[in-house]
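In this text the structure is predicted, and so the values were computed from the model without any measurement. In what follows, chains are A, B, ... by sequence order, proteins preceding strands, each numbered from 1.
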Amino acid sequence: MRHSWLLIVLCLLAAAGFAAAPYLVFFVAPTEPTMGFIQKIFYFHVPCAWSMFLGAMLSGVGGGMYLVSKGRRGAALTLAGAELATVFGLLVMITGPLWAKVAWGHYWVWDVRLTTSALVFLTFIAVLVARRYSGATSARVAAGLALFGAINVPFVYISVRIWNTIHPKTSVVPTLGPKMRLAFFISLATFTCLTLALLWLRLGVERLRDQLEGVMLSLDEAESAAETRGSR
Amino acid sequence: MTQKLYALFAALCVLLAPALVHADDYVDFDPSKAQKTVSAPLFVIIAYSAIWLVVLLFAVMLLRHQRAIGDELAQAQARLDELEDDDDR
């Protein structure tokens, strides 16, 4: 199977990052004094959230493209982005409560950041369900929902600034020490490469599916022509 | 069958939603108390394992899906070529 050099580079960078990031997180970055060892989840939890937002925004862009042009590219991007938003959203929903249980004493609180993140995650599950089960209009319904989900992303980001919340603020990153910052940005870069590589692969599946549909249509035509000739 | 399962899941979600809302009332942040009751290293291990497992499963699923569609495409293309050869004769 042929893969582009860009995909290979992204996979290599992600693999190198996944090898380096845990070393930096556990052996280089110091333990945070207030929360203790559980704060180590931060280095992968935030990049997972970033990947969820990236998937959501790409899905929303795909949704917008589809609603404007009705093209297959838009539909494919909507679906691929929604799958990534769901996968990384699931990881945010696993790692966040584990961190919260130790830090706050509860797995879940109806804090505005947590609730809006859950809303985005559920919206992209809805996109996938709509794409599969909405019949003839499935691509259109999914595109509309994806656009709605993507519009929610900036609200999730700024929610900690606008409302009173117990979730750490976005301003915490610039205050990190140099070793913590290094571990965090290496993790962030790793997850970005991974997300783009997975997106590329997922779009490749859709391209193959489109080719298959085209060949199947030609095959149907050729088979019915052959049957017609046989009956004569 | 699948539709019935989805309907059951949706009904469960609706039934459980109020319980979930009231299950965990807000409690003030008290790290010293919280950290004594649960094992932070265990939770960190679970979180990191979940990330690697889910990402790996998703990547494997994508590659298998891609291979399956590629095989189907190759078969369909071969059959089409065969029919077109017959047509030429």
Item to check | Polar side-chain atom of A:Y107 near backbone of A:W99 as donor-acceptor pair, under 3.5 Å | outcome: no
Next on the checklist: Which atoms of A:E223 are under 4.5 Å from chain B, going by heavy atoms: the side chain, the backbone, both sets, or neither?
Outcome noted: both
Checklist entry - If you count heavy-atom pairs under 4.5 Å with chain B, which of A:L198, A:L194, A:L98 comes out on top? => result A:L98
Next on the checklist: Please verify the inter-ring angle class for A:W110 with A:W108; under 30° counts as parallel, over 60° as perpendicular, anything in between as tilted.
Outcome noted: perpendicular
Checklist entry - Relative to chain B, which segment of A:I41 carries a heavy atom at a distance below 4.5 Å: side chain, backbone, both, or neither? => result both
Checklist entry - Where does A:F42 contact chain B at under 4.5 Å (heavy atoms): side chain, backbone, both or neither? => result neither
Item to check | Salt-bridge present (A:K40, A:E32; N to O < 4.0 Å) | outcome: no
Checklist outcome for this item: So, the part of A:P97 with a heavy atom under 4.5 Å from chain B: the answer is neither
Item to check | Structural part of A:A226 lying under 4.5 Å from a heavy atom of chain B | outcome: side chain
Item to check | When B:L42, B:V54, B:I51 are compared by non-hydrogen pairs under 4.5 Å with chain A, the top option | outcome: B:I51
Checklist entry - Is any NZ, NE, NH1 or NH2 atom of the basic residue among A:E213 and A:R209 found under 4.0 Å from an Asp or Glu carboxylate oxygen of the other? => result no
Checklist entry - Which is it for A:F26 and B:Y48 under the ring pair (Phe, Tyr, Trp, His ring centres under 6.0 Å) test, yes or no, and what are the steps along the way? => result CA-CA 12 Å; A:F26 292 106; B:Y48 276 72; 5.2 Å; yes
Next on the checklist: Name the residue from A:F53, A:F44, A:F185 that meets the ring pair (Phe, Tyr, Trp, His ring centres under 6.0 Å) definition with A:F191.
Outcome noted: A:F44
